[in-house]
Amino acid sequence: MNAEDPGVTTIGVLALQGDFFAHEACLARHGVATVRIRKPEQLTGIDGIVLPGGESSTMLRLLDYAQLFEPLRDRIASGLPTLGTCAGLILLANEVEDPRQPSLGLLDVTVSRNAYGAQVHSGLFDIQGCDGLPPSRGIFIRAPRITRIGNGVEVLATRDGDAVLVRQDAILGAAFHPELDAAGHITHELFLKAVSRRSALEHST
Amino acid sequence: MTNLPTSAIVPGFTPDEVRTKIGFCEQLKGGVIMDVTNVEQAKIAEEAGACAVMALERIPADIRRDGGVSRMSSPDMILAIKDAVNIPVMAKVRIGHFVEAQILQAIEVDCIDESEVLTPADEEYHVWKRDFRIPFVCGCRDLGEALRRIHEGAAMIRTKGEAGTGNIVEAVRHMRALTSGIGALRKLDKEQLTERAEQYRVPVDLVRWVADNGKLPVPNFSAGGVATPADAALMMQLGAEAVFVGSGIFKSDDPATRAKAVVRAVTNFDDPSILAEVSGQLAAAMPGLDMQSIPEADRLAGRGW
């Protein structure tokens, strides 16, 4: 929650590397405030967090350099609503392949990096919504592929049968880039709903 | 779709190209793209946190020293680097050499740099980059040059600087020229914007987009002469959104440490205490060249127009 104005929803955006500007612009269109997260002490006073697209190996090094890996993991594990897109999904996953690399281990899926191929294979693809979510298109850029879904993980959308939008409790992971869709995508709405549910819960206790 | 922000519509790009080509370049923001000449260097770069590598046979400092015609690197060498790392791999083509670009697209590099560091193949035309599926980055010295490249289809712009010198002065000059060019547009009325478009030799839509939004419609990175973490942070504070480092890393005495330091400096470009920390533990930087020692004819930035 915003320290100056408790009525304003404030979302932290991990700003080590990647398309965090696009997430900020997207969240601004939804009328919420954002703060950039580069240090452990910045993890307080936020109602949710976004782990953006970019290069997951770069972000891992920078989490390490900033001694941010464990504080971030603990903060999300405490129930902070979280959205990870592309590289952000890779950071959240329990298991990462091609190559194997460390991850926060907060979302019980296995992801394979760049599994859809080099940039020439990037593009917009149709995605099917599950559980009443409408069909839409997703922007896949050197995207990771979700190869295993753990118990307790809901599949919210698929591309050609592959899960591309998943949820476990207050954590949402997308293999595509809803933040690059200027017309808006349901993903950020789902994330912000989780944020307001969590805030309401905290106010009531 | 309703409520599409004007910034989502870029003259000369289809809406899908804005998302996939410019979207790819968005992923590199806040990162460091490092020149590498072999698999070992590519792995050092990835390990240090580079967000992409530029595969080339000779880094600019050696191209400058050796002279001769400098061309696209061997596809085998580029493929070996693609196999060795998981971050995006870019490679350079000569200005106007669209066949080199077709070859690089065929071997699926992630992005093509149409670069003044190589010897130009065409003194009139650059590659018509809209014909390609993969994104291009091009160098510029000022706003007019940046907009001509974007009109041709470049999805990312970098200041040219003067590659292979380890001297940041030209990159600073080009970034300042670009920024002041953008600032100047904002004060112009419709008629003056039309004149400016004619002067820049680009459609007025593109000039108007920049005037309305106060920035380029594609990511704006910096290159050419970055040798230290402080140089990288300087370019970021001057408005670059990511940094290319060519000779600066693998011409120094401590590539792995320096690579890490530059990566941290770009993320924390506005935090002097972190910049001090990462600058403190480094061996000698590349020697560097004073601009006055380089005759006009030997300057790479003058290639391209």
May I ask you to decide if B:K29's main-chain N or O and A:Q17's side chain share a donor-acceptor pair within less than 3.5 Å?
yes
Ion pair B:D16/A:R137, N-O distance below 4.0 Å:
yes
Measure the CD-OG distance between B:E47 and A:S57 for me, rounded to the nearest 0.5 Å.
9.0 Å
Heavy-atom contact with chain A under 4.5 Å, split by part of B:I274:
side chain
Contact part of B:K260 toward chain A, heavy-atom cut-off under 4.5 Å: side chain, backbone, both or neither?
both
More than 12 heavy atoms of other groups within 6.0 Å of B:Q102 CD:
yes
Taking B:R133 for its side chain and A:V120 for its backbone only, find out whether a donor-acceptor pair lies under 3.5 Å.
yes
Examine whether an atom of A:A15 lies under 4.5 Å from a heavy atom of chain B, and if so say whether it belongs to the side chain, the backbone or both; otherwise answer neither.
backbone
May I ask you to test the B:V263-A:R61 pair for a side-chain heavy-atom distance under 4.5 Å?
no
Where do B:Q27 and A:H177 land on the side chain to side chain contact (heavy atoms under 4.5 Å, CB included) test, with the steps shown first?
CA-CA 10 Å; B:Q27 308 309 311; A:H177 290 277; 3.1 Å; yes
Residue part contacting chain A, namely of B:P219, when any heavy atom lies under 4.5 Å
neither
Rounded to the nearest 0.5 Å, the CG atom of B:N86 sits from the CZ atom of A:R113 at a distance of 4.5 Å
Below 4.5 Å from any heavy atom of chain B, which atoms of A:P99 appear? Answer side chain, backbone, both or neither.
both
So, the side chain of A:D19 versus the backbone of B:G23: is there a donor-acceptor pair under 3.5 Å, distance only?
no
Taking atom CD as the centre, does A:E41 end up with more than 12 heavy-atom neighbours from other residues, nucleotides or ligands that are less than 6.0 angstrom away?
yes
Please look at A:D64 and chain B and tell me whether the side chain, the backbone, both or neither of the residue comes under 4.5 angstrom of a heavy atom of that chain.
neither
To the nearest 0.5 Å, how far apart are SG in B:C51 and CG in A:L16?
13.0 Å
Neighbour count >12 (heavy atoms, 6.0 Å) for atom CZ, B:F13:
yes
Any carboxylate oxygen within less than 4.0 angstrom of a Lys/Arg side-chain nitrogen, looking at A:K39 and B:D271?
yes
In Å and rounded to the nearest 0.5 Å, what is the CG to CG distance from A:L62 to B:N268?
7.5 Å
Are the side chain of A:Q119 and the backbone of B:T20 linked by a donor-acceptor contact shorter than 3.5 Å?
yes
Engaged part of A:L124 at the chain B interface, taking heavy atoms whose separation is under 4.5 Å
both
Tell me whether the count of non-hydrogen atoms from other residues, nucleotides or ligands lying under 6.0 Å of NZ in B:K129 goes above 12.
yes
Most heavy-atom pairs under 4.5 Å with chain A, out of B:A52, B:A48, B:P15, belong to B:A48
